[in-house]
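One structure is given here, and the rest of the page talks about it.
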Amino acid sequence: MAMVSPSLLSADFTHLGADSKMVLDAGAEMLHYDVMDGHFVPNISFGVPVLKSLHAALPDAFYDVHLMIEDPYTYAEPFAKAGATLITFHIEKGREANVLRPEYELNATIEHIHKLGCKVGLSVKPGTPAETVFPWLDKLDLVLVMSVEPGFGGQKFMPQALDKIALLRAEIDRRGLECLVEVDGGIGADEATGKACADAGADVLVAGSAVFGAADPAAVIAALHTY
Ligand code: DX5
Ligand code: ZN
């Protein structure tokens with residue numbers, strides 16, 4: 001069964017706590033928290049104080065923090081202190097795919113996040129090959145495959161993500177690692193997105209608009225859980 005991490009970017013921010021509680025009550029394993037700085041991606045979302053409030057209201061939730069920011073090293077500590085359970089950052093340095101962070105920065109950031117007591121994820125944008133994360137797999141708790149260009153909810157799923165999920169799944173299993181594979185962007189409870197990702201080997205399905213835009217979000221979470 002795939003785990004579900006509803007993306008709070010698509011929640012109604014006037015009742016973020018109630019929306020978060022609703023998806024947790026519906027069985028969602030995590031809350032996906034998309035942080036955007038207006039530099040790494042052309043959008044700004046929410047940051048540390050909102051996570052702190054959520055964590056105070058719902059202290060037992062798993063906070064799946066997805067940093068789409070230029071400087072994850074510096075901001076890891078405030079997000080960890082605000083309640084992050086998992087902190088995922090991007091292997092890419094900025095908006096361009098294929099311009100990757102240098103090896104020393106990746107190693108230092110992974111180690112720093114672990115020392116802060118959080119799990120660590122590394123993410124790849126649609127234009128970055130899955131193999132770029134292979135050298136770090138044994139240090140990671142999760143790899144996040146983006147199935148849209150990061151920056152906005154409600155975009156269309158890019159099916160090229162399926163091959164990347166399958167490649168990562170095969171490599172993680174071949175090496176007997178614990179690392180989870182998560183997929184994010186354009187996912188719903190249909191065969192072409194949610195089911196296809198789970199079949200390709202994804203452990204965690206992120207879904208924003210498909211959950212919070214639905215008349216019955218609990219039914220969407222239940223449907224994703226069948227994959
Ligand atoms: C995009 C974010 C996603 C987004 C997913 O930059 O990382 O988490 O909120 O939203 P949907 O599921 O609507 O594509
Ligand atoms: Zn995300």
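Residue numbers count from 1 along this sequence. Counting convention: from 1, in listed order, for ligands and their atoms alike. Please read all numbers here as calculations on a predicted model, not as lab measurements.
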Legend entry - For Asp71, all residues meeting side chain to side chain donor-acceptor pair (under 3.5 Å), sequence neighbours excluded: Thr74

Inset, instruction - Measure from NZ or CZ of Lys125 to the centre of the six-membered ring of Phe40 and say whether it is under 6.0 Å with the direction within 45° of the ring axis. - result: yes

What's the separation between atom [atom1] in [X] and atom [atom2] in [Y], rounded to the nearest 0.5 Å?
X      : Y     : atom1 : atom2 : result
His66  : His90 : NE2   : NE2   : 3.0 Å
Met36  : Leu67 : CE    : CG    : 11.0 Å
Asp203 : Ser5  : CG    : OG    : 12.5 Å

Legend entry - Residues Asp34 and His32: side-chain donor-acceptor under 3.5 angstrom: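 Per modelled atom types, Asp34 and His32 side chains form a pair under 3.5 Å.
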
Taking 4.0 angstrom as the limit and counting only heavy atoms of [X], give me the atoms of ligand 1 inside it, by number and element.
X      : result
His32  : 8 (O)
Leu9   : 9 (O)
Gly185 : 14 (O)
Ser7   : 4 (C), 8 (O), 9 (O)
Met146 : 7 (O)
Ala207 : 12 (O)
Gly186 : 11 (P), 12 (O), 14 (O)

Measure the distance from [atom] to every protein heavy atom, then report the residue, atom name and distance (to 0.1 Å) of the closest one.
atom                    : value
atom 10 (O) of ligand 1 : Gly153 CA, 3.6 Å
atom 1 (C) of ligand 1  : Phe152 O, 3.6 Å
atom 12 (O) of ligand 1 : Gly208 N, 2.7 Å
atom 5 (C) of ligand 1  : Asp184 OD1, 3.5 Å

Legend entry - Side-chain (Tyr63) to main-chain (Leu51) donor-acceptor, under 3.5 angstrom: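 It does not hold such a pair.
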
Inset, instruction - Anything under 30° is parallel, anything over 60° is perpendicular, the rest tilted; go ahead and classify Tyr73 against His112. - result: parallel

Legend entry - Proximity to ligand 1 by part of Ser209, non-hydrogen separation under 4.0 Å: both

Of all the heavy-atom pairs spanning [X] and [Y], show the shortest one and how long it is.
X      : Y      : result
Leu58  : Lys21  : CD1-N, 3.9 Å
Cys118 : Ala84  : SG-O, 3.3 Å
Pro6   : Val211 : CB-CG1, 4.3 Å
Val133 : Val124 : CG1-CG1, 3.6 Å
Ala11  : Leu16  : CB-CD1, 3.8 Å

Inset, instruction - Using 2.8 Å as the cut-off, note every protein N, O or S atom close to the Zn ion (ligand 2). - result: His32 NE2, Asp34 OD1, His66 ND1, Asp184 OD2

[X] versus ligand 1: do any nitrogen or oxygen atoms come within less than 3.5 Å of each other?
X      : answer
His66  : yes
Gly151 : yes
Gly154 : yes
Met36  : no
Pro150 : no

Legend entry - pair Asp19-Phe13: side-chain heavy atoms closer than 4.5 Å: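 No, every pair of side-chain atoms sits at 4.5 Å or beyond.
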
Inset, instruction - Consider only side-chain heavy atoms of I, L, V, M, F, W and Y, link residues closer than 4.5 Å, and tell whether Ile113 and Phe79 are in one cluster. - result: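 Same cluster.
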
Legend entry - Shortest reach to atom 4 (C) of ligand 1 by a heavy atom, considering only Val35, Val148, Asp34: Asp34

